[in-house]
Amino acid sequence: MSDIPNGFTGVPRRDPDFVSAGDAIRAQEASARTYASAPSARPSAAASATVEQAADMWKQPTATPVVSKSLAKFLRAADPSAADAAPGFDPDKLRLLPEVDRRWSWVEIDLSAIRHNAMAVKSRLPRGCRLMAVVKADAYGHGAVRCAKTALNSGAEYLGVATVDEAVELREGLVNAPILVLGEPPITSIPLLLAYKIMPSVYTAEFAIQYAEAADSLGLRAPFHLKVNTGMNRIGVRHDEVVSFMHQVGFHRALDLVGTFTHFATADCAETLDFQIQAKRFLEAIAALRSAGINPGIVHAANSAAAIRYPDVHFDMVRLGISLYGFHPCPETYTMIDLRPAMSVHARITDTKLVPMSEGVSYGMNYRSPGSVKICTVPIGYADGLRRGLSGNTNFIVEGRALRQVGNICMDQCMFEVDLRTYGTRRRLDPQIGDEVLIVGAAGDAVVTIDEMAEKLGTIQHEIAIGFGCSRLPRIYR
């Protein structure tokens, strides 16, 4: 390393105690060679103690600690007999620290809105028609167990999920209502179906027989719903083959056909021809089953859109999915029923700064400060469901006023702009660290909705709501 300069070329004098970067590097390498070749030259016990002190750098040994009340509630009591009698943190007490105090962003779920929506749809149904609350995908991001219990207390009698694990979660959450898995699960999941009393959808003979055999070996029944494909062509027994399918599997004494259903692909569309074709095929399939002496059980077809728009397909039960959470499935339903969104998204400001004119903000610096603005940061980003495609194209709400989100939305954070100029009688805002910001919701005259976000992104509300609710954001119920 002799070619490393000493850093003083052309400088006439220097402090005699000063060590240049080059000299320091050479001395370090010489020390390393000595250490490797001569173990006796390695650091003494005193030097090793310095390493231990560095590892213990969080401790403060110079004064008797005075613990604040806010901190004391997380500490375990000191043991007087211990050599180190200083109190330590109690893990059980630390777990009690609210999630919204660990990171300033969260989702709120208004259970009264869930209750209102369930009752609003239930009131439209004829006497005896059941209501199934669809709580798949963690209740569309709203929390399956809490929403299921609320819906069941508000008129629902059945629950629908997409996976066996979703059903198991409900059972372990002490939900005892009938649960239907809306698709046929793997054969390997049959033990869970029987153990937790979960009904599968069925549309293959192999699954039906193995399910029945497993139940029969334990002296149990094997209840199921028959899924009929009336034109969506995703899953199900073809509508004109349902009778032959039931003859193929119906011999088994353990099998119990509890219900028969289909799913509409276009109930939320303005054009109704495909919907009418599916409805006609389903009616014909049900009639064929009955003509063959097969009781179809609970007949159901209507999703949220059909439940609101088409009373003729209510049958014995309707399945309420997206509208349970306050979202209209299509423009036509806005004037037909009052639904209340249950989800709002919140954050608190973590930083503020005055950004000079023309300086950029966030990755890519696509936004430049116009001057006289305060840029505020909130700890929510695309990893929390706030899609990056909304960058510069959504508003946040502070004190009832809509403020523009600016700069590219980051993984964990994003920024918004506060205009500090005064316009006539308009009150000037000056947000501070810790102030609450509404990412989705309504306050004063300002509203930001998931519907608007979905429209801007060219997607549906389901995707946005699930993105927020199933992210790392904590859920708070009220």
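One-based numbering along the sequence shown. Model, not experiment: these values are computed from the prediction.
Side-chain contact check for Asp274 and Gln276: no donor-acceptor pair (N or O, by modelled atom type) lies under 3.5 Å. Asp110 and Ser112 share a donor-acceptor pair across their side chains, judged by distance under 3.5 Å alone. No side-chain donor from either of Thr377 and Thr350 sits under 3.5 Å from a side-chain acceptor of the other. Donor-acceptor pairing under 3.5 Å is recorded for the side chains of Tyr367 and Glu417. Donor-acceptor pairing under 3.5 Å is recorded for the side chains of His263 and Arg319.
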| Can Ile397 and Val437 be said to form a side chain to side chain contact (heavy atoms under 4.5 Å, CB included), step by step? | CA-CA 6 Å; Ile397 301 173; Val437 179; over 6 Å; no
| message | ring pair (Phe, Tyr, Trp, His ring centres under 6.0 Å), that's the test. Do Phe275 and Tyr310 meet it? Break it down for me. | response | CA-CA 10 Å; Phe275 168 79; Tyr310 302 113; 4.1 Å; yes
| said: Between Val440 and Phe468, does the side chain to side chain contact (heavy atoms under 4.5 Å, CB included) criterion hold? Intermediate values first, please. | reply: CA-CA 10 Å; Val440 172; Phe468 283 122; 3.9 Å; yes
| request: Would you please test Phe74 and Asp92 for side chain to side chain contact (heavy atoms under 4.5 Å, CB included) and show each step? | output: CA-CA 8 Å; Phe74 300 110; Asp92 292 330; over 6 Å; no
| salt bridge (Lys or Arg N to Asp or Glu O under 4.0 Å) between Glu399 and Arg427, worked out | CA-CA 11 Å; Glu399 297 183 27; Arg427 182 171 57 90; 2.8 Å; yes
| task | Output, in order, the C-alpha distance, side-chain angles, deciding distance and verdict of side chain to side chain contact (heavy atoms under 4.5 Å, CB included) for Gln413 and Val378. | result | CA-CA 6 Å; Gln413 303 173 83; Val378 287; over 6 Å; no
| query | Passes side-chain hydrogen bond (donor to acceptor under 3.5 Å, both in side chains), Tyr325 versus Gln461? Steps please. | reply | CA-CA 10 Å; Tyr325 310 102; Gln461 314 105 307; over 6 Å; no
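Salt bridge absent: Lys353 and Glu359 never bring a charged side-chain N and a carboxylate O closer than 4.0 Å. Between Arg387 and Glu463 there is a salt bridge, since a side-chain N of the basic residue sits under 4.0 Å from a carboxylate O of the acidic one. The pair Lys456-Asp451 does not count as a salt bridge, with every side-chain nitrogen at least 4.0 angstrom from each carboxylate oxygen. Using a 4.0 Å cut-off between charged side-chain N and carboxylate O, Arg428 and Asp430 make no salt bridge. Salt-bridge formation is not detected for the pair Asp412/Arg103: no Lys NZ or Arg NE/NH1/NH2 atom is positioned less than 4.0 Å from an Asp or Glu carboxylate oxygen. Remark: Asp101 does not engage Arg348 in a salt bridge, criterion side-chain N to carboxylate O under 4.0 Å.
Listed here is the closest heavy atom pair of Met132 and His300: CE-CE1, 4.4 Å. The nearest pair of heavy atoms linking Ala265 to Met232 is CB-CG, 3.9 Å. When all heavy atoms of Cys410 and Ser362 are compared, the closest pair comes out as SG-OG, 3.5 Å. The shortest non-hydrogen separation linking Leu339 to Pro341 is O-CD, 3.9 Å. Nearest heavy-atom pair, Asp384 versus Leu473, reported as atom, atom and distance to 0.1 Å: O-CD1, 3.6 Å. What you find for Pro329 and Ser323 is that their closest heavy atoms are CD-OG, 3.3 Å.
Using a 4.5 Å cut-off on side-chain heavy atoms (C-beta onward), Ile235 and Glu184 make no contact. Leu75 has its side chain out of reach of Asp90: every pair of non-hydrogen atoms, C-beta onward, lies at least 4.5 Å apart. A heavy-atom distance below 4.5 Å is found between the side chains of Tyr382 and Met411. Residues Asp165 and Glu169 fail the side-chain proximity criterion, which asks for heavy atoms closer than 4.5 Å. You'll find the side chain of Leu152 stays beyond 4.5 Å of the side chain of Glu157, heavy atoms only. Using a 4.5 Å heavy-atom threshold, the side chains of Cys376 and Val418 count as touching. Looking at Leu180 and Leu159, their side chains never come closer than 4.5 Å, going by heavy atoms from C-beta outward. Counting heavy atoms from C-beta on, the side chains of Leu182 and Val161 never come closer than 4.5 Å.
No donor-acceptor pair closer than 3.5 Å links the side chain of Asn395 to the backbone N or O of Ala402. No donor-acceptor pair closer than 3.5 Å links the side chain of Arg130 to the backbone N or O of Met317. Put simply, the side chain of Thr150 never gets that close to the backbone of Leu111: no donor and acceptor are under 3.5 Å apart. For Glu436 (side chain) and Leu438 (main-chain N/O), no donor-acceptor pair under 3.5 Å exists by modelled atom type. A distance-only check finds no donor-acceptor pair linking the side chain of Asp435 to the backbone of Pro431 [under 3.5 Å]. Glu166 contributes a side-chain N or O that, together with a main-chain N or O of Ala137, makes up a donor-acceptor pair within less than 3.5 Å. Checking side-chain atoms of Asp138 against main-chain N and O of Gly141 turns up no donor-acceptor pair under 3.5 Å.
Rounded to the nearest 0.5 angstrom, Ser105 OG and Arg472 CZ are separated by 7.5 Å. Annotation: the span from Leu324 atom CG to Arg115 atom CZ amounts to 11.5 Å, rounded to 0.5 Å. If you take CD1 on Ile109 and OG on Ser344, they are separated by 7.0 Å, rounding to the nearest 0.5 Å. Residue Met119 holds its CE atom at 11.5 Å from CG of Leu131, rounded to the nearest 0.5 Å. Atom CD1 of Ile380 is separated from atom CD1 of Ile409 by 9.0 Å, given to the nearest 0.5 angstrom. Note: Gln432 CD to Thr352 OG1 = 5.5 Å, rounded to the nearest 0.5 Å.
The ring of Tyr158 has its center closer than 6.0 angstrom to the ring center of His225. For Phe327 and Tyr140, the distance between ring centers is not under 6.0 angstrom.
The aromatic rings of Phe396 and Phe416 sit perpendicular to each other, their planes meeting at more than 60°, with 30° as the lower class boundary. Using a 30° and 60° split on the angle between ring planes, His328 and Tyr334 fall in the parallel class, below 30°.
The number of heavy-atom neighbours closer than 6.0 Å to CD of Glu332, taken from other residues, nucleotides and ligands shown, is above 12. Within 6.0 Å of NZ on Lys149 lie more than 12 heavy atoms contributed by other residues, nucleotides or ligands.
When each of Asn393, Thr459, Leu390 is checked for a side-chain contact (heavy atoms from CB on, under 4.5 Å) with Met453, only Leu390 meets the rule.
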